[in-house]
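Every number for a ligand or one of its atoms is a count from 1 in the order of the listing. Since we're looking at a predicted model, the values are computed, not measured.
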Amino acid sequence: MNHKIINFKVFGDERGNLIPIEGNKDIPFDIKRVYCIYDTKPDIERGQHAHKTLEQVVVCLHGSCTFLLDDGEKSEEVHLYRPDKALYIGKNMWRSMHDFAYGSVLMVLASEHYNENEYIRDYNAFLEGLKSD
Ligand code: TYD
């Protein structure tokens with residue numbers, strides 16, 4: 001499956017912790033966009049789409065949530081609960097997020113600017129697209 005956990009290096013001392021994140025170094029692409037998801041509700045589901053080309057790294061800055069990842073053949077759940085264990089999601093992966101803990105904050109680093117045309121929002125179209133890849 002086209003996803004993996006990225007372990008960031010933590011610089012911690014008696015003052016607290018610091019995690020540097022550099023494009024093309026700590027994550028495998030140039031960062032063109034950053035967005036945040038917060039004020040989520042525990043009983044909602046987000047996502048439910050795939051991307052034709054976009055790569056993303058999701059960093060859970062606070063709280064926790066669960067990602068359901070599906071490559072059309074297999075699916076796997078990944079629980080995000082700490083900022084030093086981020087989730088890389090490559091192209092052609094159907095994803096949804098649920099089980100948000102109260103007050104969770106996600107920061108998402110993206111390889112491209114926002115482009116709605118690059119989203120696949122229909123699951124059957126996602127499966128069809130995989131056949132022609
Ligand atoms: P949406 O795709 O529904 O979020 P999620 O993947 O968490 O379900 O996005 C919500 C709204 O935000 C939608 O109107 C599109 C807009 N948006 C942007 O304008 N820029 C962005 O970078 C993103 C991710 C979303």
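No side-chain donor from either of Q48 and S96 sits under 3.5 Å from a side-chain acceptor of the other. Using a 3.5 Å distance cut-off with no hydrogens or angles, the side chains of K52 and N92 do not pair a donor with an acceptor. Side chains of H98 and T66: a donor-acceptor N/O pair is absent below 3.5 angstrom, by distance only.
Looking at atom 9 (O) of ligand 1, its nearest protein heavy atom turns out to be R46 NH2, 4.4 Å. What sits closest to atom 15 (C) of ligand 1 on the protein, heavy atoms only, is Y114 OH, 3.2 Å. If you check which protein heavy atom lies closest to atom 22 (O) of ligand 1, you get R33 NH1, 2.4 Å. Ranking the protein heavy atoms by distance from atom 6 (O) of ligand 1 puts H49 CE1, 2.8 Å first.
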Check your understanding: Could you go step by step and tell me if D84 and R82 meet the salt bridge (Lys or Arg N to Asp or Glu O under 4.0 Å) rule?
Key -> CA-CA 6 Å; D84 60 332; R82 49 190 290 174; 2.6 Å; yes
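Residue-ligand proximity: R121 is placed with a non-hydrogen atom under 4.0 Å from ligand 1.
Close approach of ligand 1 to I37 is summarised as follows: ligand atoms under 4.0 Å from at least one heavy atom of the residue are 7 (O).
Here the side chain of E118 pairs a donor or acceptor atom with the backbone of L54 at under 3.5 angstrom.
In this structure, atom 12 (O) of ligand 1 has its sub-4.0 angstrom surroundings free of protein heavy atoms.
The N/O atoms of G47, backbone and side chain alike, include one that comes under 3.5 Å of an N/O atom in ligand 1.
Pairs engaging residues 110-133 under the ring pair (Phe, Tyr, Trp, His ring centres under 6.0 Å) rule: H49-Y119, H51-Y119, W94-Y123, W94-F126, Y114-Y119, Y123-F126 [sequence neighbours left out].
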